[in-house]
Amino acid sequence: LLIHSDFNGGLGADSSGNSNDFAVTNLLVSDQVIDTPTNNFSTLNALRSTASTTITLSEGNLKSSQSVQAAILSTIMVNSGKWYAEYIWESNIRGMCGIGVADVNRDSWLGDTADGIGYYYSGLLYSNNATLDTYSSYAVDDVIGIALDLDSGTPTVKFYKNNSLEGTENLPAAFIDGSYVTFGVGHTDNASVMNFGQDSSFAGNLTAQGNGGTGEDFYYTPPAGFKALNTDNLPDPAIADPTKHFNTVLYTGNATIRNITDVGFQSDFTWIKMRDAAYPNNIFDSIRGDDLRLQSNNNFAEASAANTVTFGNANGFSLGTDSGDFGVNKNTSTFVAWNWDMGGSNATNTNGSITSTVRANTTYGQSIVSYTGNATAGATVGHGLSSAPDMIILKDRDAINSWRVYSSEIPNTQHLILNDTNALVTGTHWNNTTATSSVFSLGSNDAVNGARGFIAYCFHSVEGSSKIGTYPSNNSTDGPFVYLGFTPAFIMLKCTNATDNWNLYDIKRNGYNGTGGTYQLRADTTAAGFTAAGTMVDLVSNGMKIRTNDPGTNGLSRNYIYLAFAESPFKTSRAR
């Protein structure tokens with residue numbers, strides 16, 4: 001139960017003037033923090049602790065206790081700005097605080113890899129399992145301040161002991177490639193308490209001081225320009241409502257002509273899968289035109305599928321009377337449709353050596369590209385986006401050829417195949433060339449550059465709206481937490497170094513926090529949705545938490561790639 005009351009009125013006090021006060025029993029002043037329903041401060045992330053270790057969180061997830069080597073990171077993660085947090089070592093043998101890159105699994109402690117910096121109680125500063133610097137040692141209840149500056153020409157972290165600067169460290173290269181950075185605590189046999197600006201008493205261990213800017217409660221005044229890690233201080237998202245460019249719709253077929261109008265925008269790219277029976281994954285787009293379908297689960301050429309899907313509906317797409325042959329409107333069957341706004345109009349693009357027809361939504365980083373191949377290695381195709389695509393899903397329209405998938409997350413000498421379970425395949429499909437902000441490159445391979453028609457769906461990551469990335473496995477039911485910076489609406493993921501399926505999750509079918517996360521569909525099969533053993537993936541306010549050691553999602557010594565689209569950016573997400 002969260003009781004929000006006037007901070008100055010005291011714990012449980014009703015600030016409305018109606019005297020509807022709550023009686024206070026077994027609560028102390030230090031049990032009240034200054035979070036509000038519209039401004040949440042960071043805490044320690046129960047989903048982002050070291051795998052296979054036991055960490056006990058308490059005091060509103062600001063206190064971490066463990067008896068084995070372990071680390072735990074903050075819920076709010078940043079890739080720009082100036083941020084300040086405080087730490088005390090409360091008790092026991094060893095303490096450590098510091099920072100780390102968010103996407104790295106920390107199997108022991110903060111300073112064990114090049115992606116982390118940990119200030120040890122002995123005074124040693126560790127990174128990459130080696131001594132980075134030597135500071136003063138600290139004892140129980142000494143206040144350690146951490147000032148993270150990601151805006152300077154050379155990003156730095158400063159450590160303070162009881163408001164005295166211990167040192168300034170330039171961040172290693174692992175920190176300065178646009179990765180999200182997080183604060184963290186923990187080593188072996190210790191209890192630690194963090195203050196991200198909401199409680200300078202450190203859960204009653206010290207006397208509160210109330211320093212900092214408006215709405216902040218630090219023990220010491222932060223360095224000039226440094227802010228508390230809370231949602232108010234996060235930058236406003238450039239895209240306030242990602243559902244205006246991607247949305248999932250669930251419907252039941254009725255075998256009659258109808259408009260699907262609850263998408264919320266005119267769909268240009270619609271992917272439909274029957275949920276309750278084994279029917280194909282059908283893909284339609286407005287560049288290729290009405291009733292022309294491809295299927296992600298096979299290598300077939302494009303085919304006319306009469307009475308299936310037409311475009312031009314201002315709030316979605318339209319269905320024909322399809323009786324079931326193509327599985328988009330079969331009477332009484334249940335369906336999911338994933339929909340993208342790709343810009344609304346076609347344009348001729350001459351940026352590449354091959355002229356293409358493009359429908360591009362540059363704001364949201366997504367486009368459809370139609371071109372005719374020339375069987376010449378080194379050919380280039382304009383994609384219409386303002387940044388290099390991070391993923392391209394490409395299909396030969398006119399011949400039997402498998403789908404090819406390019407990603408900036410894998411070597412440009414390799415690719416994945418959407419319609420099968422293969423691991424990475426080596427080939428010259430992309431002419432061993434990374435896509436640029438204007439074009440992608442092709443080899444002479446017939447599957448991507450035969451003298452025929454091709455279609456490509458291109459995406460790049462957009463802050464708070466979409467993300468293409470990778471994560472490593474830990475083969476545990478307490479799997480990796482993957483920070484996305486938004487509540488995911490849709491996730492497609494695939495193992496890259498072993499054979500397995502392309503798994504599809506969305507917020508409409510799967511729900512939040514495991515409420516329906518066991519229900520899977522797959523891009524490479526016709527199989528109906530099925531219930532796996534246990535929750536597979538939690539969709540939470542700032543990313544996804546893997547909850548399985550199933551090989552398709554979190555097997556032993558495996559790596560995974562994902563394509564994710566947002567329901568809402570983290571700054572405005574509700575807690576999940």
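Met342 pairs with exactly one of Val369, Ile368, Val358, Asp285 by the side-chain contact (heavy atoms from CB on, under 4.5 Å) rule, that one being Ile368.
Using a 30° and 60° split on the angle between ring planes, Trp340 and Phe565 fall in the perpendicular class, above 60°.
A side-chain donor-acceptor contact under 3.5 Å links Asn419 to the backbone of Trp403. In this structure, the side chain of Lys273 engages the main chain of Ala527 through a donor-acceptor pair within 3.5 Å. Side chain of His383 to main chain of Ala360: no donor-acceptor pair is present (N/O by atom type, distance under 3.5 Å, no hydrogens or angles). Checking side-chain atoms of Thr376 against main-chain N and O of Asn374 turns up a donor-acceptor pair under 3.5 Å. Looking at Ser568, its side chain never comes within 3.5 Å of a backbone N or O of Thr487 through a donor-acceptor pair.
By the 4.0 Å N-to-carboxylate-O rule, Arg452 lies close enough to Asp446 to be salt-bridged with it. Salt-bridge check for Lys82 with Asp151: failed, with every basic side-chain N at 4.0 Å or more from each acidic carboxylate O.
Atom CZ of Phe300 has 12 or fewer neighbouring heavy atoms from other residues, nucleotides or ligands inside a 6.0 Å radius. At most 12 non-hydrogen atoms from other residues, nucleotides or ligands lie less than 6.0 angstrom from NZ of Lys227.
Inspection of the Asp524 and Asn501 side chains reveals an N or O donor paired with an N or O acceptor under 3.5 Å. For the residue pair Asn281 / Gln295, no side-chain donor-acceptor distance below 3.5 Å is found, with atom types taken as modelled. In this structure, a donor-acceptor pair under 3.5 Å is present between the side chains of Asn346 and Arg359. With no hydrogens or angles considered, no side-chain donor-acceptor pair links Lys395 and Tyr457 at under 3.5 Å.
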